There are 2 protein chains.
Amino acid sequence: MPDILHRVGIAAEPDHVFKALTTIEGIRNWWYSETHGDAAKGGAFQFRRNRLEVICADPSLVMWRYSGPAEDWVGTEIRFRLEWRDGQTYVLFSHEGWRDPNEFMHHCSTKWATFLLSLKDLVEKGEGRPEPRDMKIAVGA
Amino acid sequence: MPDILHRVGIAAEPDHVFKALTTIEGIRNWWYSETHGDAAKGGAFQFRRNRLEVICADPSLVMWRYSGPAEDWVGTEIRFRLEWRDGQTYVLFSHEGWRDPNEFMHHCSTKWATFLLSLKDLVEKGEGRPEPRDMKIAVGA
């Protein structure tokens, strides 16, 4: 099955990145401004109607499982591995479990890159670009 | 085998995007400033020591094959499908033929996203961000 893969390097220690991935305030500042719920270990959160469960939140690995309602994403898992090396925290990202490399998957791959750069900016400079201020990759998207 | 997939939508007609993909001047302005050779159908071009052959350059599909020397890329193919829809040219991108989803592939996936956004900026606004002015995704990379 095809996966979306990315890597960014963030000039900050892993715990800063971890915090941005495991708190609602953090997620609101790099991914979706309108996120609600609990992003800590064992929690669940949502943006709009989309629901995610936190299936792992260890210092070097954060994993979410998407539970609905977008059909393409149901059952997929989003992973962030954090590795401190060469004075930066590498975020090894994957979005796994896609059933089909359809056009929406192409779109999501590019969009994830922009959100990971938003995460990098948030941690390094204190300001990310969460939706609706997200970097646009197409007309209106 | 895993592929890198992306999609951007560019607010311009396909021939403008096609030109940026099939001329050395175009490629220099969104990918690598130091590109040399011939990017038209049947041509070959290079940046630094990297060699690419143009294996297709039709109005709706441009394909390059990488011939060396970077081992991870040897034999891989880079495809740009151009589709005019909803007032924009969608670029459906893939970089196919990776033997292993290693960390360098994660890096390249994110980097391709930034270069496709550079292509979008070049065509829409007249100015891209080719290397060495490329968008950084890690410390010094």
Side-chain angles (χ1 to χ4, degrees), chain A residues 1-13 17 72 79-121 123-125 129 134-141, chain B residues 1-13 17 72 78-98 100-121 123-125 129 134-141:
Chain A
M1 273 191 298
D3 300 331
I4 293 172
L5 306 174
H6 286 296
R7 189 186 78 170
V8 294
I10 300 179
E13 295 197 2
V17 182
D72 280 308
R79 297 180 195 205
F80 306 84
R81 269 200 292 140
L82 308 185
E83 293 184 11
W84 173 254
R85 210 163 68 227
D86 313 325
Q88 56 190 312
T89 298
Y90 283 108
V91 179
L92 285 152
F93 170 91
S94 63
H95 185 175
E96 305 184 6
W98 290 79
R99 284 170 291 276
D100 179 39
N102 59 16
E103 194 163 333
F104 183 57
M105 184 180 171
H106 289 64
H107 167 83
C108 290
S109 176
T110 312
K111 205 73 203 182
W112 273 123
T114 66
F115 283 123
L116 291 165
L117 292 170
S118 168
L119 170 66
K120 176 175 165 68
D121 279 349
V123 175
E124 291 181 350
K125 302 173 189 167
R129 293 190 58 177
D134 52 325
M135 205 183 297
K136 301 305 177 195
I137 66 169
V139 177
Chain B
M1 272 191 299
D3 300 330
I4 292 171
L5 306 174
H6 286 296
R7 188 186 78 171
V8 294
I10 300 179
E13 294 196 4
V17 182
D72 280 308
I78 295 159
R79 299 181 194 203
F80 305 84
R81 270 200 292 140
L82 307 185
E83 293 184 12
W84 173 253
R85 210 163 67 228
D86 312 326
Q88 57 190 312
T89 298
Y90 282 107
V91 180
L92 284 152
F93 171 91
S94 63
H95 185 175
E96 304 184 6
W98 291 78
D100 179 38
N102 59 17
E103 193 162 333
F104 183 57
M105 183 178 172
H106 289 65
H107 168 83
C108 290
S109 176
T110 312
K111 205 74 201 179
W112 272 123
T114 67
F115 283 122
L116 291 165
L117 293 170
S118 169
L119 171 66
K120 177 175 165 68
D121 279 348
V123 175
E124 291 181 351
K125 302 173 189 169
R129 293 191 57 178
D134 52 325
M135 205 183 297
K136 302 304 178 196
I137 65 168
V139 177

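Reminder, nothing fancy here: chain letters follow the sequence lines and each chain counts from 1. Since the structure is predicted, the reported quantities are computational estimates derived from the model, not experimental observations.
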One option among A:L117, A:D86, A:I4, A:I10 has the most heavy-atom pairs under 4.5 Å with chain B, and it is A:L117
> Salt bridge check: are B:D134 and B:K111 linked by an N-O gap of less than 4.0 Å?
Replying inline: yes
For this session: Decide yes or no on side-chain contact (heavy atoms from CB on, under 4.5 Å) for B:K120 and A:I137, but give the supporting numbers first.
Result: CA-CA 8 Å; B:K120 177 175 165 68; A:I137 66 169; 5.6 Å; no
With A:F80 as partner, the option from A:Y90, A:F115, A:F93 fulfilling ring pair (Phe, Tyr, Trp, His ring centres under 6.0 Å) is A:F93
Looking only at B:L116, B:V8, B:T89, the option with the highest number of non-hydrogen pairs under 4.5 Å against chain A is B:V8
(message) Salt bridge or not between B:R85 and A:E103? Use side-chain N to carboxylate O under 4.0 Å.
(response) yes
So, the part of B:S94 with a heavy atom under 4.5 Å from chain A: the answer is neither
